[in-house]
Amino acid sequence: MPYKRITLTHFLLQEQRRLKSSGVFTSLVNDILTACKMVSHEVNRGALVGNHGVAGSENIQGEEQKKLDVLANDIFLHMNELGGNYAAMASEELEDVQAVKGTADGRYLLLFDPLDGSSNIDVNISVGSIFSILRLPDGADPKSEGAFLQPGVKQVAAGYALYGSSTMLVLTTGNGVNGFTLDRDVGMFFLTHPGMTIPADTQEYAINASRARHWEPPVKRYVDECQAGTEGPRGKDFNMRWVASMVAEVHRILVRGGVFLYPADAENMKKGGKLRLMYEANPMAFIVEQAGGVASTGRQRLMDVAPKGLHQRVPVILGSKNEVERVIAYHGEYDAK
Ligand code: AHM
Ligand code: MG
C-alpha cells in the first residue's frame, strides 16, 4: 500500500539507529536530497522558465557551462552549506575547494557533479547529480585540496539523483544500494528499489563508438567480440546503448545489468581519460561495488587509485562482474605481450 512506504529520511533514521551513530549523517544526506529535489524541479521546468541554453561561461575543465550547470551548482553549494555539517565542498564546476562559512565543527567533505550529462539538457534526455562524502582527516586543513585527495575506498557515502522520466535517488552508505523515487505531490523520496544488485552476466554494453579509432587494443578486442555476436568467440548476441549521461547508464546497469566503458584512448590519454575520478568515477564505483559489480580503470580497481588532483580524470570500466573482469583480463594479456 502506497501510504506504508518508507521515506528516505525514515530509511536514514533506521540506518542511524542500526549503526548507533549520531544524527549528523542523516542531516547531511537530507541536505543533499533537498538540493536534488530543487535541481529536479529546475530541470523539469526547463524551457518554461528559460532554464535551457548556455550560461556564457566555461568551467575549470574548459567546458562551456549550461545555465542549468550553474544553477544546479549554486543550489548544491547553498543547500549543503546551511546544515553546517560539512567543513568544505568541491565541485566539478569550480576550480578551488569551497570552505563552508561558520562551521568550524564540520567533520565531513562533500564532492559533487551538480549536473552530469549536461549535453543532454536542451534535448530533454536524462541528466543527473552525483555526490561523494568523505571524512575530514584529523588535523587536515579543510580549505586545502590535500584534505580531499583520498582514494575512493575512504568514501563514507555516495549516490546520485537521476532526473529521468521519474526522479530517483540512489544511495550507498557502504551497506548495499537502495533506490528511492520522488513523489512530486508529496515532495518526498520513497524507497522503491531496496537492495539493488547488478547481475554478474550481461548481454549489453555501453561505449561511445565514435571514438573506436582511438581505442587501445584490449578495448577494441572486447567490443569487436561483442559485435561479432553468435558467430564470434562469445557465441551470443549483445545489445548496445549510449545515453551520454553516466548517471542514466549506471542506473540502467543497476536495474538490468550491463557494462559501461569510458576508456582512456589515444586522443584523451594525455588528460588521463574523460571522466573525473573524484566527482564521477569514485562515487559510481562505490555504488557499483556495493551492488555486487566491479569498477576498474582496466588495470586497477578504481577505488584504489590515489588521487593527485581534485579534477583528475581516469579511465572507467564498470558494471556486471564477469564482463568487467573479462575487460580487465584483456588489458592484462595485452600488457604482458
Ligand atoms: P559532463 O560532466 O561534462 O556532463 O561529462 C560527463 C559525461 C558523462 O555523463 C557521459 O558518460 C560522458 O560525459 C559522455 O561523453 P561523450 O560526450 O563522449 O558521449
Ligand atoms: Mg560530469
Side-chain angles (χ1 to χ4, degrees), residues 36 39 42-43 51-55 57-73 76 90-95 111-132 158-164 168 170 204-216 219 223 240-254 258-285 287-288 295-298 302 310-319 324:
C36 292
V39 175
E42 296 298 342
V43 168
N51 275 349
H52 285 179
V54 295
S57 50
E58 279 189 357
N59 66 10
I60 165 67
Q61 328 280 343
E63 297 158 343
E64 184 181 63
Q65 288 179 303
K66 301 283 186 336
K67 285 184 194 165
L68 272 172
D69 284 324
V70 175
L71 188 52
N73 192 59
F76 257 75
S91 164
E92 185 185 297
E93 299 296 330
L94 298 168
E95 181 165 5
L111 296 111
F112 57 86
D113 178 353
L115 206 59
D116 183 64
S118 23
S119 73
N120 280 326
I121 294 170
D122 292 358
V123 288
N124 214 353
I125 293 174
S126 302
V127 289
S129 303
I130 311 172
F131 58 89
S132 163
Y160 63 78
L162 171 63
Y163 313 117
M168 283 196 66
V170 171
E204 201 160 64
Y205 67 98
I207 191 165
N208 180 348
S210 70
R211 307 185 63 83
R213 69 192 184 284
H214 304 303
W215 290 341
E216 280 196 281
V219 173
V223 175
M240 202 279 278
R241 287 285 182 274
W242 187 250
V243 186
S245 281
M246 190 193 196
V247 175
E249 319 270 11
V250 170
H251 191 71
R252 185 186 61 245
I253 289 169
L254 277 170
V259 54
F260 168 89
L261 304 97
Y262 213 120
D265 58 35
E267 193 268 335
N268 67 28
M269 191 83 79
K270 275 200 289 302
K271 289 183 183 166
K274 155 92 179 185
L275 298 173
R276 272 71 28 148
L277 175 62
M278 306 301 284
Y279 312 105
E280 294 163 334
N282 271 342
M284 291 312 201
I287 292 166
V288 165
S296 169
T297 65
L302 264 170
L310 215 43
H311 298 287
Q312 180 175 342
R313 295 175 192 253
V314 278
V316 174
I317 298 158
L318 56 77
V324 178

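These numbers come from a predicted model, not from an experiment. We count ligands from 1, going down the list as the structure has it; atoms in each ligand are counted the same way.
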Quiz item: Distance from Glu93 atom CD to Asn73 atom CG, nearest 0.5 Å?
Solution: 6.0 Å
Self-check item: Pairwise distance OG(Ser57) to NZ(Lys66) - rounded to 0.5 angstrom
Solution: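 The NZ atom of Lys66 is 11.0 Å from OG of Ser57, to the nearest 0.5 Å.
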Exercise. Would you check whether Val247 has a nitrogen or oxygen atom less than 3.5 angstrom from a nitrogen or oxygen atom of ligand 1?
Key: no
Quiz item: Is any N or O atom of Tyr262, backbone or side chain, closer than 3.5 Å to an N or O atom of ligand 1?
Solution: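 Between Tyr262 and ligand 1 (N or O atoms, distance only) the closest approach is under 3.5 Å.
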Quiz item: Taking all non-hydrogen atoms of both residues, which atom of Asn268 and which atom of Pro263 are closest, and how far apart?
Solution: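 Result for this residue pair: ND2-O, 3.4 Å.
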Short list, please: which atoms of ligand 1 are under 4.0 Å from a heavy atom of [X]?
X: Asp113; value: 2 (O)
X: Asn208; value: 16 (P), 18 (O), 19 (O)
X: Arg276; value: 1 (P), 2 (O), 3 (O), 5 (O), 6 (C)
X: Ser118; value: 4 (O)
X: Ala244; value: 9 (O), 10 (C), 14 (C), 19 (O)

Quiz item: Is there a heavy atom of Tyr279 sitting under 4.0 angstrom from any atom of ligand 1?
Solution: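 Flag not set, Tyr279 not near ligand 1.
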Quiz item: Looking at ligand 1, does Arg211 have a heavy atom less than 4.0 Å from it?
Solution: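 Arg211 does not count as a contact of ligand 1 under the 4.0 Å cut-off.
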Quiz item: ligand 1 versus Ser245, non-hydrogen atoms closer than 4.0 Å: side chain, backbone, both, neither?
Solution: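 The part of Ser245 near ligand 1 is the backbone, not the side chain.
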Exercise. Give a yes-or-no answer on whether the side chains of Asn59 and Gln65 include a donor-acceptor pair shorter than 3.5 Å.
Key: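 Side chains of Asn59 and Gln65: no pair found under 3.5 Å.
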Quiz prompt | Flag for Ser132-Asn282: side-chain donor and acceptor within less than 3.5 Å | solution =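 Checked: Asn282/Ser132 side chains show no N/O donor-acceptor pair below 3.5 Å.
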Quiz item: Nearest non-hydrogen atom to atom 12 (C) of ligand 1 belongs to which of Lys274, Met246, Glu280?
Solution: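 The option holding the nearest heavy atom is Lys274.
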Quiz prompt | Nearest candidate to atom 9 (O) of ligand 1, where distance is taken over non-hydrogen atoms, out of Ile121, Asp116, Asp69 | solution =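 Minimum heavy-atom distance to atom 9 (O) of ligand 1 goes to Asp116.
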Quiz item: Is it the case that more than 12 heavy atoms not belonging to Asn124 sit under 6.0 Å from its CG atom?
Solution: no
Quiz item: Given Tyr163, which of Ser126, Ser129, Ser245 fulfils the side chain to side chain donor-acceptor pair (under 3.5 Å) condition?
Solution: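 Single side chain to side chain donor-acceptor pair (under 3.5 Å) partner of Tyr163 among Ser126, Ser129, Ser245: Ser129.
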Quiz item: Is a side-chain N or O of Asp113 found less than 3.5 angstrom from the main chain of Tyr279, in a donor-acceptor match?
Solution: no
